Amino acid sequence: MKVTQFWLGQESIKEDHSNIIDHTVLELFYQGVGLNTTGSVCKPVSGSLPEFSGSPTEKAILSWAVLGLDLDMEKLKQKYSILHVETFNSEKKRSGVSVRRKTDETLHVHWKGAAEIIVAMCSDYYESNGGIRSMDEDQRSRIETIIQSMAASSLRCIAFAHKQVSQKEMECVDDSEKTHQRIKEDGLTLLGIVGLKDPCRPGVKKAVEACKSAGVDIKMITGDNIFTAKAIAAECGILGADYNEESGQAIEGIEFRNYTPEERMEKIGKIKVMARSSPFDKLLMVQCLKQKGDVVAVTGDGTNDALALKEADIGLSMGIQGTEVAKESSDIVILDDNFSSVATVLRWGRCVYNNIQKFIQFQLTVNVAALVINFIAAVSAGEVPLTAVQLLWVNLIMDTLGALALATDRPTKELMKKPPVGRTEPLITNVMWRNLLAQAVYQIAILLILQFRGESMFNVPKRVKDTLIFNTFVLCQVFNEFNARKLEKQNVFQGILQNRLFLGIVGITIILQVVMVEFLKNFADTERLKLWQWGLCILFAAFSWPIAWVVKLIPVSDKPFFSYLKRSKPSSQLYKSSTTRNLQSAGMELEVQ
């Protein structure tokens, strides 16, 4: 952020400030900038450029004053003593200070803050030659036009005002008849207005577009002027090219605050930008969106954002500029303070959720097939084809290695193009039911055939038949692991070479299965298989690929499967939202400060 425009009265000062501006006015500017600030300047001994600390706004103003106006902070603080300070707050949007000059004991009041608010406190304004002119309605209107023009250029407008006061004007008697100091707030003289350019980071517009395409509605909530807010929102892509003033997409906080609850709920969907907002406005926005049923993520960096960060489903605080209070109130800390990271968070949240679905589909297929085959065999023949050790082995390699294989898929571009998942939608979708039931039915069918006809079909003894059942069952899961990689796409091999861990785990699983069948006969209760028998097992297992390809052509309803079995409407609290789930949920509203 840096100062790009400077207006003294109605005159734009572009360069050579020391020759254009009167010494008296320049001295007052030094006071207003150097004493009414929470930032600081550190001059290195080596003679290199000074270092500035504080908020981005304070650093930009101090940098401009020190490097452009030749402000010397050390000398300034030696000349003046600070009497009273009124710190900046988000409601008044201004900060004030009263100082005493040590040489002549004169008292000076300085205010700095949002340009239109400071101008409203002024009755006069300084000119560059040191003269003071009265601010009548016509002059005030011209200055306000200058502010609007700067704001429309996406500049943050900060005004400075001054007044020399007497000791009596500084004193105020309260109800307890105690005298204390207050900073005079009216009859001020406008010193000047600076316009700060807060440039969008590279990639922000692309990140906004990515979030929009993913079904995320972005709302910008800021304390800036409405004109500045609209200009920045248009630059970022939050406000589209079709924006018009009557659309109700850009409003001020006080307007939103004064809506009735019914009006607020009616108009909240249209609002894209809320300017001159307070922390309460932000909190109110979050509460309304949650009441509407949306999943809300909020970004913030200040202590005032803590309530909104806490109230939101997902709180995202800034790691560099964020205060400790904001970080403690949030769920996720964005280390680089970059909005592009929000899109990354969203992408990874969806990826983790999608990977969990893949594993659940895969695991349910294993469990359903094993349960049914053992149950039918036990009921009909009085014995089970899969022993306890074999089932334990299947669970070990499928739970552990299968989870690692399917949970390591990285985010893809397709994830950000899919529609979001609703707050009440089930984790196991109709697509998953279709896939897992098809695979489970095929596995049950082939294993039952082997169980009741295997000995006669292949002319093998019972132990070999049981080994064929066990080997085929495990290999079916290995092949089905590939099917589980894509829940809806028919090409399950897309991007597989990029996930070497998946290929490595599949290879390890096959090697361990060979060891289990061929070398651990007593432990696993198996018999060595001949080459043609291995080929038979692989052939049976490989049929799961064409089955999956055909099954994915079958359309399924969007309505959850179990909703057909319920008479009443499912409760909105059926599924508890977690951080990962919320990041990919439907109608996700993302608020940006």
Side-chain angles (χ1 to χ4, degrees), residues 90 114 148 151-156 198-201 203-301 305 308-309 311-316 338-340 342-343 345-346 416 419-420 585-593:
S90 53
Q148 291 179 12
S153 302
S154 70
L155 297 181
R156 181 173 291 177
D198 190 2
C200 292
R201 287 174 182 258
V204 168
K205 192 167 185 178
K206 286 184 179 179
V208 170
E209 289 172 359
C211 289
K212 283 185 174 181
S213 67
V216 181
D217 187 19
I218 299 178
K219 301 181 185 295
M220 188 173 83
I221 300 179
T222 176
D224 283 337
N225 179 297
I226 183 71
F227 299 100
T228 306
K230 287 191 290 189
I232 293 173
E235 189 179 343
C236 294
I238 296 172
L239 286 178
D242 58 343
Y243 167 75
N244 60 74
E245 296 291 337
E246 290 76 28
S247 63
Q249 293 181 6
I251 63 169
E252 289 191 333
I254 189 168
E255 185 181 348
F256 181 74
R257 211 177 307 141
N258 293 333
Y259 285 152
T260 63
E262 293 77 17
E263 286 178 322
R264 211 175 284 130
M265 294 302 293
E266 180 186 347
K267 297 180 179 181
I268 197 168
K270 297 179 183 177
I271 298 170
K272 301 289 183 186
V273 176
M274 186 158 71
R276 287 288 179 247
S277 62
S278 66
F280 174 75
D281 297 329
K282 195 171 188 179
L283 177 63
L284 190 61
M285 172 74 82
V286 175
Q287 290 171 340
C288 290
L289 290 170
K290 289 183 73 175
Q291 187 180 343
K292 189 183 168 188
D294 292 332
V295 176
V296 187
V298 171
T299 65
D301 55 8
D305 297 322
L309 289 168
E311 180 71 19
D313 294 292
I314 300 295
L316 300 122
N338 196 335
F339 183 76
S340 299
V342 175
V345 169
L346 180 64
M416 296 297 279
S585 291
M588 175 173 167
E589 307 278 353
L590 187 60
E591 300 185 356
V592 187
Q593 183 182 36

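Residue numbers run from 1 in the order of the sequence given. Keep in mind that what you see is a predicted model, and the values were worked out from it rather than measured.
Q287 is linked by a side-chain hydrogen bond (donor to acceptor under 3.5 Å, both in side chains) to nothing, counting only residues two or more places apart in sequence or in another chain. The side-chain hydrogen bond (donor to acceptor under 3.5 Å, both in side chains) search around E266 returns none, not counting sequence neighbours.
A distance of 9.5 Å separates CD in E255 from CD in E263, rounded to the nearest 0.5 Å. Taking CG of L316 as the reference point, atom CG of L309 lies at 8.0 Å (rounded to 0.5 Å). Atom CE of M416 is separated from atom OG of S213 by 6.0 Å, given to the nearest 0.5 angstrom. Taking CG from L284 and CZ from F256, the interatomic distance works out to 4.5 Å, rounded to the nearest 0.5 Å. We find the NZ-SG distance between K205 and C200 to be 9.5 Å, quoted to the nearest 0.5 Å. Distance check: R257 CZ to R264 CZ gives 10.0 Å after rounding to the nearest 0.5 Å.
Inter-residue side-chain proximity for Y243 and V273 is flagged as unmet; no heavy-atom pair is nearer than 4.5 Å. Two residues are said to be in side-chain contact when any heavy atoms from C-beta on lie closer than 4.5 Å; D313 and V286 fail this criterion. Residues Q249 and N244 are not in side-chain contact: their nearest non-hydrogen atoms beyond the backbone lie 4.5 Å or more apart. At least one side-chain heavy atom of M285 sits less than 4.5 Å from a side-chain heavy atom of I271. Using a 4.5 Å heavy-atom threshold, the side chains of V208 and C211 count as separate.
Between R276 and A114, the shortest heavy-atom distance links the atoms NH2-CB, 3.0 Å. Of all heavy-atom pairs between A308 and K282, the closest is CB-CG, 3.9 Å.
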Tell me, with the steps shown, if K219 and M274 meet side chain to side chain contact (heavy atoms under 4.5 Å, CB included). CA-CA 8 Å; K219 301 181 185 295; M274 186 158 71; over 6 Å; no
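K290 places a side-chain N or O within 3.5 Å of a backbone atom of E311 that can act as its donor or acceptor partner.
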Expected list for residues 223-241: side-chain donor-acceptor pairs under 3.5 angstrom, two or more places apart:
residue	atom	partner	partner atom	Å
D224	OD1	R156	NE	2.9
D224	OD2	R156	NE	3.4
D224	OD2	R156	NH2	3.1
N225	OD1	F227	N	2.6
N225	ND2	E116	OE1	3.3
T228	OG1	L155	O	2.7
K230	NZ	E245	OE1	3.1
K230	NZ	E245	OE2	2.9

